[in-house]
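For reference, the structure discussed in these notes is given below.
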Protein chains: 2
Amino acid sequence: MSDRSAAQHSDMLLFLTDEQLRQGIEAMFFAYQGFTADPDRILSEMAYGRAHHRAVHFINRAPGTTVNNLLGILGVTKQSLNRVLRTLIEDGLVQSKVGRVDKRERHLFLTEAGAELERKLSDAQRARMRAAYREAGPEAVTGFRAVLEAMMDKDMRRKSRALKEGST
Amino acid sequence: MSDRSAAQHSDMLLFLTDEQLRQGIEAMFFAYQGFTADPDRILSEMAYGRAHHRAVHFINRAPGTTVNNLLGILGVTKQSLNRVLRTLIEDGLVQSKVGRVDKRERHLFLTEAGAELERKLSDAQRARMRAAYREAGPEAVTGFRAVLEAMMDKDMRRKSRALKEGST
DNA sequence: ATTATAAGTCAGCTTTGTTGACTTTCCAAC
DNA sequence: GTTGGAAAGTCAACAAAGCTGACTTATAAT
């Protein structure tokens, strides 16, 4: 296997059996369960769900983002997001500010309480991610990220890149 | 086992910034969207959802499996699985046979129609997986799999392994 | 002035998860 | 042998979170 890993270029032949691909698919499924398990546990103790987590995560990541932008990132309808956002605002975790330049827009920010929840959730998730990285080793991390990136839809890849650059 | 691979890397320092971990988390989120996009599109044209896909996938993978076993793999309640299973059986995609040795058990099999759906769904998903692997290169694939494995819960890792071995 | 966009709301529906209560079947202890 | 508990499966009711469609309000752009 390490002979084959001498292959450096993507135009080399990659022989992938049906079975190997199925294993990759299953690994993705099982890993995603683990990936969401810790935050889900925390959230279920409060009155929140995975949808709240995602909203809080991306508001933290791109403070001041508009509702419309968040919609695009999450890939849900505004009605669906609105339900979640409304409870977060009512509960004082998220603040919505009318745009200064374009007053139609609402810019979203975490309050201190919101930031605290975000920290709690992402601490758990980062701990698992860190442990997985550590167990798999530094080379694996690069490969992991490369495959994930290639698996995204094109427009999601764009959004993912935008978030990375926005936070440097 | 994982102790060995952990020991192998334990002397290697892995500096992981908060930012790098967050990027990994987001990559996982976006990639999972892509991962499920193609089957979801196919399923939405029929009266089925992601839950049906998962059931069909794992019945194909482990023909004759019991409901209870499937429950453990999918990580849902039997009541939740039952609803999905019932429609699949009614529609003639899955056959349920009363156990010969233990009549409480139901053994599950895909019918020809069920196998056809499975093929259609997994063709799409495998195509994306294959493309991602090809784009990322052979080394990346190894790393990808290693990180995913490390990200699973322990019992899921067991189940994942069992499926791999069962199909050789 | 008209049209388009951003945000939000209301209503109603679907999928897929949950708990709780129940039946049938099996097995093991008595 | 009987019985009492555990396991497998089913039925009912509910909750989370997605969807579509129709509509309002405020603002921006043409």
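Protein chains get the first letters and strands the later ones, always in sequence-line order, with residue 1 at the start of each.
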Output yes when a side-chain donor or acceptor of A:Thr66 lies under 3.5 Å from a complementary backbone atom of A:Arg106, and no otherwise. no
A:Arg104, nearest nucleotide to its side chain (from C:dC26, D:dT27, D:dT10): D:dT27
Value in whole Å for how far the P atom of C:dA6 lies from CG of A:Asn82: 16 Å
Side chain of A:Arg86, base of C:dG8: donor and acceptor closer than 3.5 Å? no
For a quick check of understanding: with a heavy-atom distance under 4.0 Å over all strands, which category does A:Thr66 fall into, base, sugar-phosphate or nothing? sugar-phosphate
In terms of relative ring orientation, are B:Tyr133 and B:Phe144 parallel, tilted or perpendicular, with 30° and 60° separating the classes? perpendicular
Just say parallel, tilted or perpendicular for the rings of B:Tyr32 and B:Phe35, cut-offs at 30° and 60°. tilted
Within the modelled atom types, does a donor on one side and an acceptor on the other bring the side chain of A:Arg106 and the base of C:dG8 under 3.5 Å apart? no
For A:Asp153 and B:Phe30, what are the C-alpha separation, side-chain angles and deciding distance, and is it a side chain to side chain contact (heavy atoms under 4.5 Å, CB included)? CA-CA 8 Å; A:Asp153 277 334; B:Phe30 288 126; over 6 Å; no
Between A:Asn68 and C:dT5, is there a side-chain N or O to OP1/OP2 distance below 4.0 Å? no
Phosphate OP1/OP2 of D:dA16 contacted by A:His52 side-chain N/O (<4.0 Å): no
Rounded to whole Å, OH of A:Tyr48 lies from P of C:dT18 at a distance of 22 Å
What is the separation between atom CE on B:Met46 and atom C1' on C:dT15, rounded to the nearest whole Å? 16 Å
Interatomic distance where CG belongs to A:Leu81 and P belongs to D:dA16 [whole Å]: 17 Å
Toward the 5' end of DNA chain D, by each residue's nearest nucleotide, A:Val76 or A:Val101: A:Val76
Mind calculating the distance between NZ (B:Lys78) and P (C:dT25) to the nearest angstrom? 15 Å
From the set D:dA13, C:dG8, D:dG9, return the single nucleotide nearest to any side-chain atom of B:Glu105. D:dG9
When you measure from the side chain of A:Lys103, which nucleotide among D:dA28, D:dA8, C:dC26 comes out closest? D:dA28
Taking for each residue the nucleotide of DNA chain D bearing the nearest heavy atom, is the 5' side occupied by A:Arg50 or by A:Gln79? A:Arg50
Which nucleotide in the list C:dT16, C:dT9, D:dA17 gets nearest to the side chain of A:Ser80? D:dA17
Could you give the CZ-to-C1' distance, from A:Arg83 to D:dC19, as a whole number of Å? 9 Å
Tell me whether A:Arg126 contacts the main-chain N or O of B:Arg22 through its side chain, where contact means a donor paired with an acceptor under 3.5 Å. no
Name the orientation class of the two ring planes belonging to A:Tyr48 and A:His52 (parallel below 30°, tilted from 30 to 60°, perpendicular beyond 60°). tilted
Taking only N and O in the side chain of B:Thr77, is any of them less than 4.0 Å away from OP1 or OP2 of C:dG17? no
Gap between atoms CZ and P, on B:Arg100 and C:dT25 respectively (whole Å): 18 Å
Taking CG from A:Leu71 and P from C:dT9, how many angstroms apart are they, rounded to a whole number? 14 Å
Would you say A:Arg54 reaches D:dG18's phosphate, i.e. side-chain N/O to OP1/OP2 under 4.0 Å? yes
